[in-house]
Amino acid sequence: MLRLYLEVEIYNLAKRLLRQYKNDASTNFAFYEVLLHYFRDGFTAKTILKHAVNENPYAIF
């Protein structure tokens, strides 16, 4: 659902889903959170990207 929300630009539901599963440590959720921040705020997602890379440094490759 998270990917779908981002694709159709329903960012409030994407954010709600991320909050609902805030303890999910999957790489997908970490990078979707980066995308959400990028889509909403532009390039200010640098801190979130660092968090995602810390979750799984190999996913970026």
Side-chain angles (χ1 to χ4, degrees):
M1 289 302 298
L2 185 53
R3 180 179 173 187
L4 177 64
Y5 290 152
L6 292 174
E7 285 183 18
V8 297
E9 300 178 10
I10 306 175
Y11 302 135
N12 60 331
L13 291 180
K15 187 175 181 177
R16 184 185 304 169
L17 194 60
L18 283 167
R19 269 187 275 154
Q20 183 178 351
Y21 293 98
K22 65 183 176 188
N23 293 325
D24 187 316
S26 72
T27 304
N28 284 343
F29 263 62
F31 280 93
Y32 282 139
E33 185 174 4
V34 170
L35 285 175
L36 174 64
H37 284 277
Y38 174 75
F39 292 151
R40 290 180 62 196
D41 308 321
F43 288 104
T44 61
K46 192 181 278 189
T47 303
I48 303 298
L49 178 60
K50 286 180 184 178
H51 171 72
V53 170
N54 285 336
E55 289 292 323
N56 186 344
Y58 304 104
I60 209 160
F61 300 106

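All figures in this text were calculated on a predicted structure; none of them were measured in a lab. Every heavy atom of this structure was used, including side-chain atoms; hydrogens, water molecules and symmetry mates were not.
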Looking at residues at least two apart in the chain, or sitting in another chain, which of them share a side chain to side chain donor-acceptor pair (under 3.5 Å) with Asp24?
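Listed in chain order: Ser26.
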Mind checking what makes side chain to side chain donor-acceptor pair (under 3.5 Å) contact with Glu7, not counting sequence neighbours?
Arg3
Is it true that, when you exclude Tyr21 itself, more than 12 heavy atoms of the residues, nucleotides or ligands shown sit nearer than 6.0 Å to its OH?
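Atom OH in Tyr21 is not packed in, count stays at 12 or less.
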Interatomic distance, Glu9 atom CD to Arg40 atom CZ [nearest 0.5 angstrom]
12.5 Å
Of all residues at least two apart in sequence or in a different chain, which pass the side chain to side chain contact (heavy atoms under 4.5 Å, CB included) check with Leu2?
Ala14, Leu17, Leu18, Phe29, Tyr32
